[in-house]
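Please read the structure below before turning to the comments.
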Amino acid sequence: MRVAKVRLADGSTRLCVVDSETIRLLDPSQVDTCRCLADILHSDEPAALANFLVDPRAHPIRQDEVKFLAPIDKQEVWAAGVTYKRSQVARMEESESAASHYDKVYSAPRPELFFKATRDRVSGPREPVRVRYDSHWTVPEPELALVLDPELRIVGYTIGNDMSARDIEGENPLYLPQAKVYRQCCALGPTILLADEPLSLPNIGVRMWIYRNHEEVFKGDTDLSQLNRSLTELADWLRRDNEFPHGAILLTGTGIVPPDDFSLQDNDWVVIEIDMIGRLETPVVKG
């Protein structure tokens, strides 16, 4: 089952269950303790609750009649790095002085985890992601995002775009927060696939296209079997000596990296697709 947050034609924001071509609106007022998407996600049985909350008075609505919003409430967004071999190689190439660090973290017991975004820094579908004005080498990073409850259990999956200023990080690894954390540095959506059962990682493909002036300038693909760490392992490390009363969203790293001579430009269009979840499309702005 997939759930989402949408804006209707009348400007109201609603929660919904997403079918193949339509959505079914939810009525959270049927349960006193349910007011937002996180309340459903953090319940004992998210799928059962979502089914119960389907509004019997509302007819199904075509997906193209609504605007999908970022599926986030008050959660912090974190990210894992160097979890795919391709990412390890790319990070080593961008920073000669710290190449050995990226090589070591790929196989080290402790993963690389870093804070990525607050809610206000997150863009939703068809909302802009940003290239910093002081970066000349920025790329999108398409990633599976884990939706975690306050106990850091995996309750769902969505699509994330971890925008990365590779030149800033490559200049000095200590600049990582500046390369990763800024306004419109992350996109999420369009839906959350509820974690009713474990994902079959080899069967989940990840694809990304980048368009410039309506022409394709990059295309890449991978699948989740290429992850070097398990999803539960990443969530377990994030939990260590940390508290997340509102839950968290954890980006799990990227296995698709554009070539070194490629950088996003103003007005580019990024399309990320992950099987079973959907397609996240975002325009690019710079400066």
Side-chain angles (χ1 to χ4, degrees), residues 70 72 77-95 102 105-106 111-117 121-125 127-132 135-146 157-170 173 175-189 204-211 217-224 226-229 231 234 249-265 268-274 277-286:
I72 184 174
V77 182
W78 286 66
V82 200
T83 54
Y84 289 77
K85 186 66 177 178
R86 180 65 188 93
S87 179
Q88 175 209 19
V89 172
R91 297 280 287 278
M92 291 173 66
E93 291 173 346
E94 79 185 16
S95 180
Y102 298 124
V105 79
Y106 178 73
E112 178 193 20
L113 295 175
F114 55 90
F115 179 79
K116 176 61 184 178
R121 293 182 173 92
V122 173
S123 298
E127 295 177 346
V129 289
R130 180 170 296 275
V131 175
R132 290 180 60 121
S135 171
H136 304 289
W137 183 19
T138 288
V139 297
E141 296 187 1
E143 309 191 14
L144 176 74
L146 308 181
Y157 312 93
T158 191
I159 301 173
N161 179 359
D162 171 17
M163 294 286 286
S164 181
R166 294 186 64 187
D167 52 348
I168 293 176
E169 182 186 359
Y175 295 161
L176 177 68
Q178 297 175 72
K180 293 285 192 177
V181 184
Y182 53 90
R183 60 182 173 140
Q184 298 170 314
C185 65
C186 178
L188 296 172
I204 305 295
V206 182
R207 294 166 289 277
M208 181 172 74
W209 300 263
I210 302 173
Y211 297 94
V217 292
F218 175 80
K219 178 181 180 180
D221 65 88
T222 187
D223 66 72
L224 297 184
Q226 303 304 307
L227 267 168
N228 189 44
R229 300 178 187 270
L231 303 180
L234 293 173
I249 294 176
L250 176 59
L251 308 179
T252 58
T254 189
I256 302 175
V257 181
D260 291 352
D261 61 355
F262 180 88
S263 181
L264 288 172
Q265 296 181 11
D268 282 355
W269 194 269
V270 179
V271 179
I272 301 170
E273 187 176 77
I274 298 183
I277 300 175
R279 175 180 285 223
L280 176 61
E281 302 186 23
T282 51
V284 176
V285 295
K286 180 172 182 178

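- Smallest separation of non-hydrogen atoms from Ala145 and Ile249: CB-CG2, 3.9 Å.
- From Lys286, atom NZ reaches atom CG of Leu264 across 9.5 Å, with rounding to the nearest 0.5 Å.
- Here the side chains of Leu144 and Val206 are not in contact, with every heavy-atom distance at 4.5 Å or above.
- Closest of all the heavy-atom pairs between Ala70 and Ser123 is CB-O, 4.0 Å.
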Might you work through the side chain to side chain contact (heavy atoms under 4.5 Å, CB included) test for Phe114 and Asp162, ending with a clear yes or no? CA-CA 11 Å; Phe114 55 90; Asp162 171 17; 3.8 Å; yes
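- Using a distance-only test at 3.5 Å, with no hydrogens or angles considered, a donor-acceptor pair links the side chain of Lys116 to the main chain of Cys185.
- Classification of the Trp78-Phe115 ring pair by plane angle, with boundaries at 30° and 60°, yields perpendicular.
- We find the OG1-CD1 distance between Thr158 and Ile72 to be 10.0 Å, quoted to the nearest 0.5 Å.
- Scanning for side-chain hydrogen bond (donor to acceptor under 3.5 Å, both in side chains) contacts around Asp223 gives Ser225, with sequence neighbours left out.
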Run the side chain to side chain contact (heavy atoms under 4.5 Å, CB included) test on Val217 and Gln265 for me, step by step, so that the C-alpha distance in whole Å, both residues' side-chain angles and the decisive distance to 0.1 Å come before the verdict. CA-CA 11 Å; Val217 292; Gln265 296 181 11; over 6 Å; no
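- The minimum heavy-atom distance linking Cys186 with Leu251 is given by the pair SG-CD1, 4.3 Å.
- Looking only at side-chain heavy atoms (C-beta outward), Trp137 and Asp260 come within less than 4.5 Å of each other.
- Around OH of Tyr175, the count of heavy atoms belonging to other residues, nucleotides or ligands within 6.0 Å does not exceed 12.
- Under a 4.0 Å N-O distance rule, the pair Lys180/Glu141 qualifies as a salt bridge.
- In terms of heavy atoms, Arg279 sits closest to Ile159 at N-CD1, 4.0 Å.
- Between atom CE of residue Met208 and atom OG1 of residue Thr222 there is a gap of 11.5 Å, rounded to the nearest 0.5 Å.
- Using modelled atom types, one side-chain atom of Tyr182 and one backbone atom of Arg130 make a donor-acceptor pair closer than 3.5 Å.
- Nearest heavy atom pair, residue Ala80 against residue Leu234, reads CB-CD2, 4.0 Å.
- A distance of 12.0 Å separates CG of Asn161 from CD of Gln184, quoted to the nearest 0.5 Å.
- In this structure, the side chain of Asp268 does not engage the main chain of Val284 through any donor-acceptor pair within 3.5 Å.
- From Glu281, atom CD reaches atom CD1 of Ile272 across 10.5 Å, with rounding to the nearest 0.5 Å.
- Between Val105 and Pro111 the shortest heavy-atom distance is CG2-C, 4.2 Å.
- A distance-only check finds no donor-acceptor pair linking the side chain of Thr83 to the backbone of Arg229 [under 3.5 Å].
- Under the 4.5 Å side-chain criterion, counting only non-hydrogen atoms from C-beta, Pro140 is in contact with Met163.
- Looking only at distances, a side-chain donor or acceptor of Ser263 sits under 3.5 Å from a matching main-chain atom of Thr138.
- One finds the OH atom of Tyr157 at 9.0 Å from the CD1 atom of Ile204 (value rounded to the nearest 0.5 Å).
- Every residue meeting the side-chain hydrogen bond (donor to acceptor under 3.5 Å, both in side chains) condition with Arg207, not counting sequence neighbours, appears here in chain and number order: Glu273, Asp275.
- Judged by distance alone, the side chain of Asp167 and the main-chain N or O of His136 form a donor-acceptor pair under 3.5 Å.
- Residues Val139 and Ile210 have side chains not in contact (no heavy-atom distance under 4.5 Å, counting atoms from C-beta outward).
- Residues Val257 and Tyr84 are not in side-chain contact: their nearest non-hydrogen atoms beyond the backbone lie 4.5 Å or more apart.
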